[in-house]
Amino acid sequence: MKDAVLIAGVGKRFGAVQALQWVTLSVGEGELFGFIGADGAGKTTLFRILVTLLLPDEGRAEVLGLDVVRFYRDIRKRIGYMPGKFSLYPDLSVEENLRFFASVFGTTVEKNYELIRDIYSQLEPFKTRRAGKLSGGMKQKLALSCALVHRPEVLFLDEPTTGVDAVSRKEFWQMLGRLREQGMTILVSTPYMDEAVLCDRIAFMQEGRMLALDTPSGITKLFQKPLFAIRARETWRLLCALRASPHAASVYAFGSALHYTDNRLSLRADELLAALQADGFTDVSVSVIQPGIEDTFIALMEEKQGSCL
Amino acid sequence: MSEPVIHTDKLTKRFGDFVVVDALSLTISGGEIFGFLGANGAGKTTAIRMLTGLLIPTSGTASVAGFDLYTGAEGVKLNIGYMSQRFSLYDDLTVRENIRFFAGIYGLNNQAIKEKSRQLLESLKLLEVADTRLASLPLGWKQKLAFSVAILHEPKIVFLDEPTGGVDPVTRRRFWDMIYEASERGLTIFVTTHYMDEAEYCDRLCIMVDGKVAALDRPEAMKRHFGVESMNEVFIQLARPNKME
């Protein structure tokens, strides 16, 4: 597989803030690659370097085999970029925005309509509406259409689903899946851990560094300890009780359950259950579970940062 | 149980022909953690703007923190707290200046501001960075401060509008610890989120679809009703893509 994107030792500093530190990875052609991390992790800075809007301080990066510093003009013609911040023209209509972006790239909406039909058809009833008047979900669809209208070879999507509801997020990822089937290389960043499993490979980002890089299933193998899911009616009291235990390694709420690791690695679920029942939790249940992406991310964060969080 | 902190009856907002919030009836009591969910465009923001006294309803009745939304909007504003991901603190001000600014906005006098600032800096362990500009603090600290500042004037209720968007998984959970602690002390929490695991942490949830209440219940009861394991599944079943505005 050829590399669509190559990043070698890239670093970037803004004043006192080291926004990126020694980021090295490659993304293969046709891959759907996810950068997972919170605000301030460096995702946007990295994307801006790759789409030739920002120069790296250190290291080098290539997109489609072209150096991002020397060949920025060639790269810009061949990539699509959807920034995290809504960047279309609010005073132009839906249709005018799309035509504008097509013309800037020397093409027409008609020529590449096939590629955007899936997404744009949902917007067509509103094509005369000003882009600034669209709802969040529709702005996102228009921005994606504009990023695709010149049929780019690599698509960069910077937090396309931030602030978007769970249903729209699901639809958006279905669209990405279909683009991927057509062979497009897609780099996407997100703070949502549940979206990570939808990528071919992911990089965990935290404070400018890469914490891990692997397939979603490979990432979860980095979680080494036995993990328990504990449920009780009084979740908050249970959380406090577990945190107060000298044996607790980690206690985190995960929806209706608590995910717990213990310092005694041989501890069994039935022993833990008995201990909790002895503490007065009568309606408690304990099971051993497979760690997910978010469990692993938290574990890696703790490992890197110790207790300073 | 004490007097409800929020009570609305058929609260409605129209813009022209378009009914954005359609007959919203809620009763929320003291100390409750109330989750307010819905797809983009379901009417959440408009409902919150009414409940915080920023937008006058078209019809229906409502009182928030003991004030009527039609006649006492200023009273509402002074007796609620508000925090969102987008608007909370000023990055260019120091920690101390931020506290002072927001305390001043809520009408605390100089003596009270001094006293509150000292208490807050101590309890949040921020004394050492009191004169540091906010921009250089870790996100987790900023969030803690933003929440504390939003409830500095001891309101009965605080509105949290997507308070954890874009935050790492550990900071997100630390934030919920604060929510739980505040609710134990009797503060009512009205929170919106797109994280469905956070929906599970609420005492009760309201799911809005196309301006109407599609479901209003405890999370366990909702899951049981729909025969599913998680709130994510409930949400996806209920919040069908709204009719494109």
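Just so we're on the same page: letters track the sequence lines, and every chain starts at 1.
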Report summary line: CG of B/Asp168 to CE of A/Met301, rounded to nearest 0.5 Å, is 3.5 Å
**Report entry** Distance, nearest 0.5 Å, that separates CG of A/Asp39 from NZ of B/Lys142
**Finding:** 9.5 Å
**Report entry** Proximity breakdown for A/Thr162 and chain B, heavy-atom pairs closer than 4.5 Å
**Finding:** neither
Query raised in the report: With a 4.5 angstrom heavy-atom cut-off, which part of A/Phe297 approaches chain B: side chain, backbone, both or neither?
Result: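 The answer is the side chain of A/Phe297.
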Query raised in the report: Are the side chain of A/Tyr252 and the backbone of B/Pro169 linked by a donor-acceptor contact shorter than 3.5 Å?
Result: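 Side chain of A/Tyr252 to backbone of B/Pro169, a donor-acceptor pair under 3.5 Å: no, none is there.
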Is it the case that more than 12 heavy atoms not belonging to [X] sit under 6.0 Å from its [atom1] atom?
X	atom1	result
B/Ile56	CD1	no
B/Lys144	NZ	no
B/Glu122	CD	yes
B/Arg204	CZ	yes
B/Glu128	CD	no
B/Arg14	CZ	no
A/Arg209	CZ	no
A/Arg13	CZ	yes

Query raised in the report: When heavy-atom pairs shorter than 4.5 Å are enumerated against chain B, which of A/Val164, A/Leu239, A/Thr235 gives the highest number?
Result: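 Sorted descending by pairs with chain B, the first entry is A/Val164.
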Query raised in the report: Who among A/Ala41, A/Ala16, A/Ala253, A/Gly40 has the most heavy-atom pairs with chain B under 4.5 Å?
Result: A/Ala253
Requested in this report: For chain A, find its close neighbours in residues 223-234 of chain B: heavy-atom separation under 4.5 Å, sorted by number, or none.
Outcome: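 The stretch touches chain A at B/Lys223, B/Asn232.
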Query raised in the report: Does anything in residues 178-192 of chain B get under 4.5 Å of chain A by heavy atoms, and if so which residues?
Result: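 Near chain A, by residue number: B/Tyr180, B/Glu181, B/Glu184.
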Query raised in the report: Quick one: of B/His194, B/Glu200, B/Met196, B/Glu220, who has the most non-hydrogen atom pairs under 4.5 Å with chain A?
Result: B/His194
Report task. Go through the steps for A/Arg243 and B/Asp177 under the test salt bridge (charged side-chain N to carboxylate O under 4.0 Å, His left out), then give the verdict. Result -> CA-CA 12 Å; A/Arg243 278 200 189 137; B/Asp177 288 352; 3.0 Å; yes
Requested in this report: Verify side-chain contact (heavy atoms from CB on, under 4.5 Å) between B/Tyr195 and A/Met193, making sure each step is shown before the conclusion.
Outcome: CA-CA 10 Å; B/Tyr195 289 99; A/Met193 302 283 150; over 6 Å; no
Report task. Check side-chain contact (heavy atoms from CB on, under 4.5 Å) between A/Glu195 and all other residues, then give those that pass, not counting sequence neighbours. Result ->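 Checked A/Glu195 against side-chain contact (heavy atoms from CB on, under 4.5 Å); matches are A/Thr161, A/Arg169, A/Trp173, A/Thr190, A/Tyr192.
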Query raised in the report: By side-chain contact (heavy atoms from CB on, under 4.5 Å), which residues pair with B/Glu97, not counting sequence neighbours?
Result: B/Leu93, B/Thr94
Query raised in the report: Which heavy atom in A/Ala166 sits nearest to a heavy atom in B/Phe235, and how many Å separate them?
Result: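 So the minimum-distance heavy-atom pair works out to CB-CD2, 3.6 Å.
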Query raised in the report: Taking all non-hydrogen atoms of both residues, which atom of B/Asn40 and which atom of A/Ser168 are closest, and how far apart?
Result: OD1-OG, 4.1 Å
Query - Side chains of A/Glu294 and B/Arg172 in contact at under 4.5 Å (non-hydrogen atoms) - result: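 A/Glu294 vs B/Arg172: side chains touch.
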